[in-house]
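Okay, structure first, notes after.
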Amino acid sequence: MRTANVRTIVVWTLVALVGAAGWSVLALSRGEEVSAAWMVAAALGSYTVAYRFYSKFIAYRVLKVDRTRATPAERLDNGIDFHPTDRRVLLGHHFAAIAGAGPLVGPVLAAQMGYLPGTIWIIVGVIFAGAVQDMVVLFFSTRRDGRSLGQMAREEIGPFGGAAALLAAFAIMIILLGVLALVIVNALAASPWGTFSIAMTIPIALLMGFYLRVLRPGRVTEVSLIGVALLLLALVSGRWVAESSWADTFTLAPSTLVVWLVAYGFIASILPVWMLLAPRDYLSTFMKIGTIVLLALGVVIALPTLRMDPVTDFASRGDGPVFAGSLFPFVFITIACGALSGFHSLISSGTTPKMIQKETQVRMIGYGSMLMESSVAVMALVAASVIDPGLYFAMNAPAGTIGTTVESASQVVTGWGYSITPAELARAAKDVEESTLLSRTGGAPTLAVGVSQIFSEVTGGGLKAFWYHFAIMFEALFILTALDAGTRVGRFMLQDMLGNVYRPFKNVSWKPGLVITSAAVCALWGYFLWVGVHEPLGGINQLFPVFGISNQLLAAVALAVCTTLLVKSGRLKWAWITGVPLAWDATVTLTASWQKVFSSDPKVGFFEQRSVFQDAIDRGEVLPPAKTMDDMHTVVTNSTVDGVLSAVLALLIVVVIADAGRVCVRHVRRPALSTLSEAPYVESEIVAPAGLFPTREEKEEERRAVGSGTGV
């Protein structure tokens, strides 16, 4: 057993003190100005300590990862879905795949409650729930030939609870993909800069894929430098294109973007994973992480003040203009992906376990990637909290609440206690070269304004418009990488489901099956997206209100499966590691589901909203957001569908948790009755480091392997 030396103790003591100082300032400040740098300090200090100690404890003491055991990528390598992938490339893929709209817009919307509740949940939630879920799901899926979450539930919990998990996971996946796609369409519509730059990442990724596979295998550093250089060129060229005669070519209507997105999702799903998906995600990660790191540095340099209240009055009243509902449970549902995300469990049991080289890498890729995403959420919350609160509420309140003029918006927002003049609202829009910033709901424009403010304080106020449009394009790129990986994972899930009926579908690389299921998944989310684009109150817009709850309900399924597997695999004393987050998540999400179904507040309860609008129809009255009587009927339909869907999904999750509890109790009482679907042990011939940087021992092992001709 190694003992820590004095230098190590000093370094980790300093890291812990930095985090503690950040938390102390955030928690104890009353009325005085607080720098956003303290939020960054609290986050980074906490993440570093958690990764170094808690994640290592789980990986090596609880899961007991085995570096000598061959992974599915090694045993089942077929060059299509199963392919041993360099840990650095896979880290980029996994992070890009899990980091979608949630960590960008969720914290921005949650800032309505103040910056303190969101900060606590984002950091504490990821350390003890989100990152744990991602790593444990990845480990157990890797031990089971890369099985999907739903299929693992069916095999380990049983056909009844497993069927509920399969159905819930697939339905939620379609909702998540549709919402992600809608955010992309809204970000890229009429944006030639963003459209061109993002389109260029596809041929760049193809070049990188062939470079690593054919031209220079294993030369990750070389291909990284080439990819980053070409990406920067694409970003700069995007602005040139937007100001040239080519602008019209890349200025696409929303309906055209839908067609291109569906086509891209289908192609990315059926091509070999090394050709497009992995290198494109890896490439995107450079921009994602680079931007977030620069944003953190900008906060440290500019030291902007947190202008939002630590806790607002809306937190207790529950009548906020951004979203209705009290702090508990809705701030947790709104933040979602930045702290805990069920979507991540689908990636951790989808593409990643089929590509990971060594079991020992689940810590870096599973736990580490989630900490990276949480840092994105923290920076999004910072961006929303450093702008004028009056501007924040003017941007995120609907037009039906604040009106359509700067005068009416100023009056309403001032009435909420956040003073801002019409001239200030007009100047804010002019600074970023927008005609108006009023009611730019959804979170993305607010994040872009915050980013532009921080960056412009470092680089000069004259560049605020440039940074605003850069941030809008950055958000679209951020989300698109989750869409392509998500479509492929949706294909895996559908293949697993159909494989229970027709066995050839069990082989996820069976070409007829992968084409059929890819087309089906794209058709499903593409349909909801198409209707949503053409009918403002229909399609995926109809399902948007259940996005956050669905995502958190899926996390409950993942944590239930993880807890069951910990118990069945002889780790009962460690079941609290996923059991405690499961209990918290189930309490939050089922409470939110209950309120969304049965609340008597029409701003919260779907069926109450339906009743209010139906009564108005009977009176011949039109209520906002409807503009016509047809819209009124659409709202009634939407409310009914959302209410029924929320109830059904919650019921399915209750079934999964109850069945998982039954299996755990049965195992404790009669262990002999339990079976595990774990793949048999096969010794690995691959030699690869566990972390981003190899240790001295790992370098020596690699040298020996290269000398004997067995290493990779």
Side-chain angles (χ1 to χ4, degrees), residues 105 108-115 186-187 189-190 307-309 312-326 330 334 383-450 452-453 464-465 468-469 471-472 536-537 541 544-545 601-604 609 612-613 616 619-632 634-635 638-639:
V105 301
V108 172
L109 302 180
Q112 166 183 270
M113 302 294 193
Y115 65 77
N186 290 339
R307 302 182 67 182
M308 183 64 73
D309 297 331
T312 68
D313 292 338
F314 297 124
S316 57
R317 297 206 309 261
D319 59 351
V322 181
F323 62 91
S326 56
F330 289 106
T334 303
S385 301
V386 298
I387 66 176
D388 188 305
L391 177 60
Y392 169 86
F393 284 106
M395 291 186 67
N396 290 283
T401 301
I402 63 171
T404 57
T405 66
V406 291
E407 289 78 15
S408 63
S410 171
Q411 184 177 359
V412 173
V413 171
T414 300
W416 293 333
Y418 299 99
S419 178
I420 189 167
T421 66
E424 288 171 331
L425 288 172
R427 185 167 63 251
K430 184 179 180 181
D431 286 344
V432 296
E433 297 180 6
E434 291 283 343
S435 58
T436 181
L437 288 177
L438 299 183
S439 301
R440 298 294 299 273
T441 56
T446 305
L447 175 61
V449 169
S452 70
Q453 180 169 313
K464 186 173 285 190
Y468 173 84
H469 291 282
I472 290 291
L537 297 178
N541 292 308
F544 200 96
D601 183 351
K603 293 182 179 179
V604 177
Q609 183 184 63
V612 169
F613 275 78
R619 298 192 304 268
E621 185 180 348
V622 176
L623 303 177
K627 297 179 181 178
T628 65
M629 194 55 70
D630 286 340
D631 286 348
M632 292 287 292
T634 300
V635 171
N638 290 354
S639 301

Do you know the tightest heavy-atom contact between Ala397 and Ile402? CB-CG2, 3.6 Å
So for atom CD, which belongs to Glu621, do other residues, nucleotides or ligands contribute more than 12 heavy atoms lying within a distance under 6.0 Å? yes
Quick check: do Trp416 and Pro321 have side-chain heavy atoms less than 4.5 Å from each other? yes
Does the distance from a Lys or Arg side-chain N to an Asp or Glu carboxylate O, for Asp601 and Lys603, drop under 4.0 Å? no
Of all the heavy-atom pairs spanning Ser385 and Tyr115, show the shortest one and how long it is. OG-CB, 3.6 Å
For Asp309, does its backbone N or O pair with a side-chain atom of Thr312 as donor and acceptor, under 3.5 Å? no
Identify the heavy atoms of Val612 and Pro602 that sit nearest to each other, and give their distance. CG2-CB, 3.9 Å
Can you see which heavy atom on Val432 is nearest to which on Ser452, and at what distance? CG1-OG, 4.1 Å
To the nearest 0.5 angstrom, please state how far the CE atom of Met395 sits from the OG1 atom of Thr436. 9.0 Å
Test side-chain contact (heavy atoms from CB on, under 4.5 Å) on Leu425 and Leu391; report intermediate values, then the result. CA-CA 7 Å; Leu425 288 172; Leu391 177 60; 4.0 Å; yes
Here the gap from Phe393 atom CZ to Thr446 atom OG1, rounded to the nearest 0.5 Å, amounts to 10.5 Å
d(Met113 CE, Ser316 OG) to nearest 0.5 Å is 9.0 Å
For Asp388, is there any backbone N or O sitting under 3.5 Å from a side-chain donor or acceptor partner on Tyr418? no
Give a yes or no on whether the backbone of Ile420 and the side-chain of Ser410 come within a donor-acceptor separation of less than 3.5 Å. yes
To the nearest 0.5 Å, what is the distance between CD1 (Ile387) and CD (Gln453)? 7.0 Å
Between Thr414 (side chain) and Gln411 (backbone), is there a donor-acceptor pair under 3.5 Å? no
Could you measure the distance from the CG atom of Asn396 to the CG atom of Leu109? Nearest 0.5 Å is fine. 6.0 Å
Between Ser439 and Ala399, is there a donor-acceptor pair closer than 3.5 Å when you use the side chain of the first and the backbone of the second? yes
Can you tell if the side chain of Leu438 reaches within under 4.5 Å of the side chain of Val406, non-hydrogen atoms only? yes
Between Ala383 and Leu447 the two heavy atoms that sit nearest each other are CB-CD1, 3.6 Å
Sidechain-backbone polar pair: Gln112 side chain, Phe314 backbone, donor-acceptor under 3.5 Å: no
Would the distance check show the side chain of Tyr468 and the main-chain N or O of Gly450 forming a donor-acceptor pair, the cut-off being under 3.5 Å? no
Backbone N/O of Ala465 and side chain of Glu433: donor-acceptor pair under 3.5 Å: no
Closest contact, heavy atoms only, Val604 versus Ala324: CG2-CB, 3.8 Å
